[in-house]
*Asks:* 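Could you have a look at this structure, given as structure tokens, before my questions?
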Amino acid sequence: MTPGLYVVATPLGNLQDLSPRAREVLQSVAVIAAEDTRHSQILCRQWDIRTPLVSVHDHNEQDRVDGLLARLRAGEAVALISDAGTPLISDPGYRLVRATRLAGLPVYAVAGPSAALAALSVAGIPCDRFAFEGFPPAQAAARRAYFNSLASESRTLVFYESPHRLAASLADLSVAFGGQREATLVRELTKRFEEGVFSTLAELAARANAQAPRGEYVLVVRGAPPPAETDEGERVLALLIDTLPLRQAVDLAVSITGVPKKALYARALAMRRP
Ligand code: SAM
């Protein structure tokens, strides 16, 4: 087999999603660098892949790089996989791929599933332009600041989130982006309990709050409305600001128009200034 590092995408849950080429590569390389060798053994058993596995995860990747690079330099073929989907996409492998490139050795993509693209393909939200954001910060204050910084982003946004932080993230997003922003929450892609809910951030936050989320989730959020809609937000705000307290006027204008709160709050402060 041609020597080099093969970055191999593996199924998101449905083992039938391993491509024939991915199987052949995994059967033929000298070694498979896997995020969790025990987890990957399930895939290997299913597809009769008997290649030795070595673990490469966030805590040992730097140490493993030298050994794997030595094998690549010696002319071996090495595969890199993660627990699910495409390695490096919110998964380990960046250091190994970079080191292999810096050494001038070939890196081949054995393309396949990734939860972000699978979610976009079923979301029903414009995806001609999008920004993949991975996991939002876990800590509440950092997460809110981060969502505020994204409120005016006009591209569709894709987030990964763990089930136990999902309700908090949706609540924070609803405040930062306005509850009326369109979003699709997909769960357990390609698995038995796969489902998707196309709604608004406010509605998704309420649902996540009412029933304990379980499984794996991707959230796809429509980008901020174009400036013409921001003008509409300002027009509504101007009508409300003289009769309501500032915060209430902003919240109402955000709910009515879907314009990001950050933008309208700044406008409200300017309108109130003597
Ligand atoms: N490298 C992977 C990829 O290409 O998508 C992502 C790995 S990241 C550590 C794991 C996150 O991906 C999960 O927390 C979830 O947000 C998302 N994910 C992975 N598999 C999924 C699935 N079957 N359904 C929904 N989301 C999934």
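Below, all heavy atoms of this structure are taken into account, side chains as well, without hydrogens, waters or symmetry copies. Residue indices begin at 1 and follow the sequence shown. Here the structure is a predicted model, which is why all the values come from computation and not from measurement.
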*Asks:* Is it the case that one hydrophobic cluster holds both V97 and L69, taking links as side-chain heavy atoms less than 4.5 Å apart, direct or via other members?
*Replies:* yes
*Asks:* Please name the residue in the list V218, L166, V220 that meets the side-chain contact (heavy atoms from CB on, under 4.5 Å) test with L185.
*Replies:* L166
*Asks:* So, taking the atom named NZ in K261 and the one named OG in S255, what distance separates them when rounded to the nearest 0.5 Å?
*Replies:* 9.0 Å
*Asks:* Starting from the C-alpha separation in whole Å, work towards a yes-or-no answer on side chain to side chain contact (heavy atoms under 4.5 Å, CB included) for E216 and L189.
*Replies:* CA-CA 8 Å; E216 296 195 279; L189 288 160; over 6 Å; no
*Asks:* I'd like to know if the side chain of R155 reaches the main chain of R129, judged simply by a donor and an acceptor atom lying under 3.5 Å from each other, with no hydrogens or angles considered.
*Replies:* no
*Asks:* How long is the straight-line distance from CG of L237 back to CG of L252, given to the nearest 0.5 Å?
*Replies:* 10.0 Å
*Asks:* Is there a donor-acceptor pair under 3.5 Å between the side chain of N148 and the backbone N or O of K262?
*Replies:* no
*Asks:* Identify the two heavy atoms, one from P213 and one from A208, that lie closest to each other, and give their separation to 0.1 Å.
*Replies:* CD-O, 3.7 Å
*Asks:* In Å, rounded to the nearest 0.5 Å, how long is the span from CG of L157 to CG of L219?
*Replies:* 9.0 Å
*Asks:* Assess the residue pair S90 and F132 against the criterion (side chain to side chain contact (heavy atoms under 4.5 Å, CB included)); give the C-alpha distance rounded to whole Å, side-chain angles, the decisive distance to 0.1 Å, and a yes or no.
*Replies:* CA-CA 10 Å; S90 294; F132 172 64; 3.6 Å; yes
*Asks:* Of the non-hydrogen atoms in P11 and P113, which two are nearest, and what is the gap between them?
*Replies:* CA-CG, 4.1 Å
*Asks:* Indicate if V8 and L43 have the same hydrophobic cluster label, given that clusters are the connected sets of ILVMFWY residues with side-chain heavy-atom separations under 4.5 angstrom.
*Replies:* yes
*Asks:* As an exercise, state the distance from CD of E194 to CG of L12, rounded to the nearest 0.5 Å.
*Replies:* 9.5 Å
*Asks:* Kindly list each side-chain donor-acceptor pair under 3.5 angstrom involving residues 70-82, sequence neighbours excluded, with atom names and distances?
*Replies:*
residue: R71; atom: NE; partner: E76; partner atom: OE1; Å: 2.6
residue: R71; atom: NH2; partner: E76; partner atom: OE1; Å: 3.2
residue: S82; atom: OG; partner: A84; partner atom: O; Å: 3.3
residue: S82; atom: OG; partner: D91; partner atom: OD2; Å: 2.9

*Asks:* Please find the pair of heavy atoms, one from L240 and one from A249, that lie closest to each other, and give the distance.
*Replies:* CD1-O, 3.7 Å
*Asks:* Can any side-chain N or O of S174 pair as donor or acceptor with the backbone N or O of A171 at less than 3.5 Å?
*Replies:* no
*Asks:* Quick one: closest heavy-atom pair of E24 and S28, and the distance?
*Replies:* O-OG, 2.6 Å
*Asks:* Within a strict 4.5 Å, meaning less than it, do heavy atoms of the R247 and V250 side chains meet?
*Replies:* no
*Asks:* Among the clusters formed by ILVMFWY side chains lying less than 4.5 Å apart, do L239 and M271 turn up in the same one?
*Replies:* no
*Asks:* Go through E234 and T257 one step at a time and tell me if the side chain to side chain contact (heavy atoms under 4.5 Å, CB included) criterion holds.
*Replies:* CA-CA 9 Å; E234 287 186 25; T257 63; over 6 Å; no
*Asks:* For I89, is there any backbone N or O sitting under 3.5 Å from a side-chain donor or acceptor partner on T86?
*Replies:* no
*Asks:* Would you call R23 and D48 a salt bridge, taking side-chain N to carboxylate O under 4.0 Å as the test?
*Replies:* no
*Asks:* Does either side chain, that of Y146 or that of E133, offer a donor lying less than 3.5 Å from an acceptor on the other one?
*Replies:* yes
*Asks:* Indicate yes or no: at least one non-hydrogen side-chain atom of R181 is less than 4.5 angstrom from one of P260.
*Replies:* yes
*Asks:* Is the side chain of E188 donor-acceptor paired with the backbone N or O of K191 at a distance under 3.5 Å, no angle test?
*Replies:* no
*Asks:* Between W47 (side chain only) and L15 (backbone N and O only), is there a donor and an acceptor less than 3.5 Å apart?
*Replies:* yes
*Asks:* What pairs meet the ring-ring contact (aromatic ring centres under 6.0 Å, His included) rule with one or both residues in residues 4-24, with sequence neighbours excluded?
*Replies:* Y6-Y108
*Asks:* Scan F135, F147, F130, F177 and name whichever one has a ring-ring contact (aromatic ring centres under 6.0 Å, His included) with F159.
*Replies:* F147
*Asks:* Please determine whether the number of non-hydrogen atoms from other residues, nucleotides or ligands lying under 6.0 Å from atom CZ of R222 exceeds 12.
*Replies:* no
*Asks:* Supply the atom-to-atom distance R95 CZ to L68 CG, rounded to the nearest 0.5 angstrom.
*Replies:* 13.5 Å
*Asks:* Among residues at least two apart in sequence or on other chains, which ones pass salt bridge (charged side-chain N to carboxylate O under 4.0 Å, His left out) with D17?
*Replies:* none
*Asks:* Could you tell me the separation between the CG atom of L204 and the CD atom of E182, rounded to the nearest 0.5 Å?
*Replies:* 10.5 Å
*Asks:* Would you say I49 and V110 are hydrophobically clustered, going by side-chain heavy atoms of ILVMFWY under 4.5 Å?
*Replies:* yes
*Asks:* Treating Q248 as the side-chain partner and L244 as the backbone partner, does any N or O pair qualify as donor plus acceptor under 3.5 Å?
*Replies:* no
*Asks:* Find out whether R187 and V197 are in side-chain contact, i.e. whether some heavy atom of one side chain is under 4.5 Å from a heavy atom of the other.
*Replies:* no
*Asks:* Are any side-chain N or O atoms of S19 and backbone N or O atoms of A22, one a donor and one an acceptor, separated by less than 3.5 Å?
*Replies:* yes
*Asks:* Is there a path from V29 to V107 through hydrophobic residues (I, L, V, M, F, W, Y) whose side chains come within less than 4.5 Å of each other?
*Replies:* no
*Asks:* Determine yes or no for a side-chain-to-main-chain donor-acceptor pair under 3.5 angstrom, with D36 supplying the side chain and H39 the backbone.
*Replies:* yes
*Asks:* In plain terms, say whether R235 and E232 are close enough for a salt bridge, that is, a side-chain N and a carboxylate O under 4.0 Å apart.
*Replies:* yes
*Asks:* What closest approach, in Å, do S169 and E161 show between heavy atoms, and which atom pair accounts for it?
*Replies:* OG-OE2, 2.6 Å
*Asks:* Please test T156 against V221 for side chain to side chain contact (heavy atoms under 4.5 Å, CB included), starting from the C-alpha separation and ending with a verdict.
*Replies:* CA-CA 6 Å; T156 287; V221 184; over 6 Å; no
*Asks:* Less than 4.5 Å apart, any side-chain heavy atom of P92 and any of E35?
*Replies:* yes
*Asks:* Check whether any side-chain heavy atom of R64 sits under 4.5 Å from a side-chain heavy atom of H57, and report yes or no.
*Replies:* no
*Asks:* Please give me the minimum heavy-atom distance between G178 and L201, naming the atom from each residue.
*Replies:* O-CD1, 4.0 Å
*Asks:* Check the surroundings of atom CD in Q46: do more than 12 heavy atoms from other residues, nucleotides or ligands lie under 6.0 Å from it?
*Replies:* yes
